[in-house]
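Sequence lines set the chain letters: A, B, ... in the order given, protein chains first and strands last, and positions in each chain run from 1. Since the model is a prediction, treat every value here as computed from it, not as a measurement. Atoms considered below: every heavy atom in the structure, side chains included; atoms not considered: hydrogens, waters and symmetry mates.
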Protein chains: 2
Amino acid sequence: MPRVTLQTIADALGVSRSTVSNAYNKPDQLTQELRERILAEATKLGYAGPDAAARSLRSGKTGAIGLLFTESLPYAFSDPYAVGFLTGLAEVAERHGTSLLLVPVDTGLGGTPEADLERAVRQAVVDGFCLYCVDESHPAVDIIRARGLPMVATYPPKDPHLRSVGIDDEAAAFKAGEHLARLGHERIGVVMDRWFGIRPFPPLDLEGPTPIQQVIDLAPGEESTFRLRGYRKALPDADIMVTTAERNSRAAGAVAVEELIDQRCRSTAILAVSDVIAFGVIDALRQRGLTPGQDLSVVGFDDVPQAAEFGLTTIRQPMVDRGRMVGRMLLEPDTIAERQVRLPTELVVRTSTGPRPS
Amino acid sequence: MPRVTLQTIADALGVSRSTVSNAYNKPDQLTQELRERILAEATKLGYAGPDAAARSLRSGKTGAIGLLFTESLPYAFSDPYAVGFLTGLAEVAERHGTSLLLVPVDTGLGGTPEADLERAVRQAVVDGFCLYCVDESHPAVDIIRARGLPMVATYPPKDPHLRSVGIDDEAAAFKAGEHLARLGHERIGVVMDRWFGIRPFPPLDLEGPTPIQQVIDLAPGEESTFRLRGYRKALPDADIMVTTAERNSRAAGAVAVEELIDQRCRSTAILAVSDVIAFGVIDALRQRGLTPGQDLSVVGFDDVPQAAEFGLTTIRQPMVDRGRMVGRMLLEPDTIAERQVRLPTELVVRTSTGPRPS
DNA sequence: TTGAAAGCGCTACCAT
DNA sequence: ATGGTAGCGCTTTCAA
């Protein structure tokens with residue numbers, strides 16, 4: 001049997017296609033009564049409404065926004081920060097009747113062939129993209145650019161034309177470092193993750209603890225080194241060693257901190273670049289019978305919901321608001337004047353930090 | 001400036017549109033050399049590849065599948081079962097170069113107007129839908145049906161034509177009940193959630209503990225009551241009282257079990273319809289100085305990754321495999337013969353259950 | 001308030 | 001291996 005289209009309904013009722021179209025898209029343009037007759041006929045004939053693809057093609061609108069997301073969805077969903085962000089983004093999207101298209105991108109770890117990923121970005125029927133922790137140098141970003149779609153990044157990009165919602169990473173990290181400085185700490189360990197955002201570059205591999213300045217010099221201009229810079233600035237004379245966690249997870253944080261704890265002259269404080277990593281650090285301490293905030297101070301970054309439960313001193317950065325703001329920049333671009341929005345951060349002191357043990 | 005299209009590239013190179021199209025979609029159909037010339041010209045002219053909407057319209061393929069998902073994304077993402085399911089689904093999708101479109105649907109709690117939700121389903125440019133814990137009676141499902149798109153549900157539906165991937169809920173619950181029967185328990189509390197799947201019906205509100213048979217009679221044929229039936233069947237002579245948790249979350253589980261624990265003649269065992277709820281039950285026990293498995297036995301349902309850590313006796317049902325199977329039924333339908341796939345379940349005994357205290 | 005015409009950009013098909 | 005033709009289903013524009 002032939003497919004039921006707008007025309008089918010129009011013919012059945014002896015009206016024009018435009019009128020049927022209006023019944024769905026511009027209810028005010030026709031009488032209530034006609035509209036209902038049309039909708040009833042549609043239901044009767046099993047017509048589900050205007051075809052989505054045809055509508056998108058003709059109108060140029062799709063009713064969806066794309067989210068360029070880490071390839072590893074299970075990891076992404078178990079990251080409380082990502083969940084908070086998505087929550088905010090989804091809230092705004094929903095208000096606009098807009099769906100979210102998750103487009104996984106290559107993390108550089110291989111897996112999906114690059115061609116497939118680019119194909120997914122080309123084929124995505126969306127009105128715009130959010131780059132979630134995906135670096136602007138990723139090839140997928142060039143495709144979005146060529147498609148002429150609006151996009152918003154989740155961190156301050158190098159390209160001044162690219163809109164973004166971020167924080168001042170250096171200033172935020174400075175607050176964390178300053179807090180430790182006030183408490184008298186002079187030997188500090190930093191646990192960062194292996195990734196400077198998702199990109200086609202090889203990840204960072206440090207062989208054991210490395211002096212902070214050396215790491216900063218390795219990747220100038222990257223988001224993660226901005227944090228290192230902030231730490232360094234607040235603690236100019238401290239002995240700061242950096243280790244990397246395999247990924248941004250609790251377990252990896254616990255592993256990564258081991259070499260810092262088990263050193264003979266161990267640090268008196270640990271700065272973790274995320275709360276999730278900090279939780280792992282705390283696990284490792286407890287496992288060794290050490291008490292966070294007494295034997296060793298721990299500072300996180302993010303202030304995810306679980307941080308309170310851990311008594312974790314950390315830097316609060318907006319999660320849900322960041323998602324909301326990205327959503328607004330994509331869906332209500334005219335309401336936001338700035339190209340690069342910086343959200344506020346704040347030091348939250350809990351029990352995981354204390355004065356340097358004497 | 002005019003938009004760059006296939007035709008632009010074709011004209012610039014003096015070839016036909018079909019050839020340019022083939023360069024993107026059927027690389028084998030033309031010489032390597034011509035293909036490269038075309039791609040190079042495209043890059044030069046800032047052409048991002050065939051327009052996604054036009055391509056979808058013409059070819060009838062979209063490269064995306066829709067996921068009808070609970071409206072409350074934050075809740076969904078913090079549910080370990082959902083995350084596991086998504087992992088499996090995303091894995092298969094990725095293998096097919098397919099993205100995932102999250103379409104939030106009304107949970108019945110209000111919020112988004114119904115019209116918007118239906119619009120989102122109509123406008124979704126997808127090749128098929130997965131109904132994740134969305135009941136087939138939801139209006140969105142009628143739209144999908146009318147659109148003629150394939151869909152797969154995540155539980156056994158009433159409609160025999162609807163494909164699904166589920167488990168035998170009654171048999172699985174029976175195993176849990178049987179385990180308690182063997183341990184000698186005769187007074188049992190059940191904690192279920194308020195929702196029988198997401199649907200346009202009002203949720204279930206019990207006023208305090210209610211005899212199990214009464215709840216079963218309330219909603220015959222629903223997934224959750226299948227589990228109750230299984231419990232009942234395994235413990236025909238036991239005194240089984242049911243309470244409802246406000247939602248499927250740890251905190252809600254802790255609250256819901258209180259009335260069961262604090263009763264004068266308290267139960268000796270608790271059956272929770274999900275692990276997440278069981279974790280809350282365990283929280284509540286510990287808070288009262290009770291030891292799970294000794295003072296009170298607790299059985300969960302799902303066997304999410306955290307269950308081991310809690311020592312939770314539970315029913316294992318495949319999470320990731322369920323997602324994978326749904327993905328395959330949607331993207332490789334011919335490889336799966338059955339319409340209604342039932343996955344195996346298994347009792348996993350850990351330390352949260354023990355003999356009835358004498 | 002309704003209708004007729006035009007064409008969005010592409011791919012399937014068939015011909016060469 | 002490459003090109004020409006037709007038309008996917010719709011919304012927009014403009015006229016009535």
Side-chain angles (χ1 to χ4, degrees), chain A residues 2-38 41-42 45-63 119 122-127 146-149, chain B residues 1-39 41-42 45-63 119 122-127 146-149:
Chain A
R3 178 161 177 191
V4 180
T5 69
L6 259 191
Q7 188 73 69
T8 317
I9 312 298
D11 291 348
L13 259 47
V15 298
S16 81
R17 285 186 304 192
S18 332
T19 304
V20 180
S21 171
N22 286 338
Y24 284 96
N25 303 312
K26 299 178 181 163
D28 310 334
Q29 303 269 46
L30 61 174
T31 50
Q32 176 76 1
E33 185 258 328
L34 178 57
R35 183 173 131 87
E36 276 170 13
R37 247 178 52 224
I38 290 173
E41 186 69 17
L45 297 178
Y47 178 64
D51 176 86
R55 177 196 169 78
S56 293
L57 172 59
R58 185 60 240 243
S59 69
K61 303 277 170 207
T62 72
R119 189 157 60 86
R122 269 198 274 109
Q123 294 187 358
V125 183
V126 296
D127 296 322
R147 285 185 61 179
L149 291 174
Chain B
M1 73 185 184
R3 179 159 174 192
V4 181
T5 70
L6 258 191
Q7 188 73 69
T8 317
I9 312 298
D11 291 349
L13 258 45
V15 298
S16 81
R17 285 186 304 192
S18 327
T19 303
V20 180
S21 172
N22 286 337
Y24 284 95
N25 303 312
K26 300 179 180 161
D28 309 334
Q29 302 270 48
L30 59 174
T31 49
Q32 176 74 0
E33 185 259 329
L34 177 57
R35 183 173 131 87
E36 276 170 11
R37 245 177 56 223
I38 290 173
L39 262 33
E41 187 70 16
L45 297 178
Y47 178 64
D51 177 85
R55 177 197 170 77
S56 294
L57 172 60
R58 184 59 241 243
S59 69
K61 304 275 169 208
T62 72
R119 190 158 58 86
R122 268 199 276 108
Q123 294 187 0
V125 182
V126 296
D127 296 322
R147 285 185 61 179
L149 291 174

Between B:Asn25 and B:Arg55, do the side chains contain a donor N or O and an acceptor N or O under 3.5 Å apart? yes

Is there a side-chain contact between B:Arg3 and the phosphate of C:dG9, meaning an N or O under 4.0 Å from OP1 or OP2? yes

Would you please confirm or rule out a distance under 4.0 Å between OP1 or OP2 of C:dT2 and any side-chain N or O of A:Thr19? no

On a heavy-atom basis, the closest approach of B:Ala42 and B:Tyr24 is CB-OH, 3.2 Å

Take B:Glu41 and B:Arg37 through the salt bridge (Lys or Arg N to Asp or Glu O under 4.0 Å) test and state the conclusion after the steps. CA-CA 6 Å; B:Glu41 187 70 16; B:Arg37 245 177 56 223; over 6 Å; no

Grab the two heavy atoms, one from A:Ser56 and one from B:Ala53, that are nearest each other, plus how far apart they are. CB-CB, 3.8 Å

Please state whether the phosphate of C:dT11, meaning OP1 or OP2, lies under 4.0 angstrom from any side-chain nitrogen or oxygen of B:Arg55. yes

For the side chain of A:Arg17, counting heavy atoms from C-beta on, which of C:dA6, C:dC10, C:dA4 is nearest? C:dA6

B:Arg147 (side chain) donor-acceptor with B:Arg122 (main chain) under 3.5 angstrom: yes

DNA chain D: 5'-proximal contact among A:Arg58 and B:Gly14 (nearest heavy atom): B:Gly14

So, the side chain of B:Thr62 versus the backbone of B:Asp127: is there a donor-acceptor pair under 3.5 Å, distance only? yes

Just by modelled atom types, is the B:Ala23 backbone N or O under 3.5 Å from a matching donor or acceptor in the B:Arg35 side chain? yes

For a quick check under 3.5 Å, do A:Ser18 and A:Ser21 share a side-chain donor-acceptor pair by atom type? no

Residues within residues 21-31 of chain B bordering DNA chain C, heavy-atom distance below 4.0 Å: B:Ser21, B:Asn25, B:Lys26

d(CD, B:Gln7; P, C:dC8) in whole Å: 11 Å

A:Thr19 and side-chain contact (heavy atoms from CB on, under 4.5 Å): which partner among A:Ile38, A:Ile9, A:Leu6? A:Ile38

Hey, does A:Thr5 reach any base, or is it just sugar-phosphate, or nothing, if we go heavy atoms under 4.0 Å? sugar-phosphate

So where does chain A start and stop touching DNA chain D, 5' to 3', when the test is distance under 4.0 Å to a non-hydrogen atom? D:dG9 to D:dT12

Round to the nearest Å and state the distance from A:Lys61 atom NZ to C:dC8 atom P. 18 Å

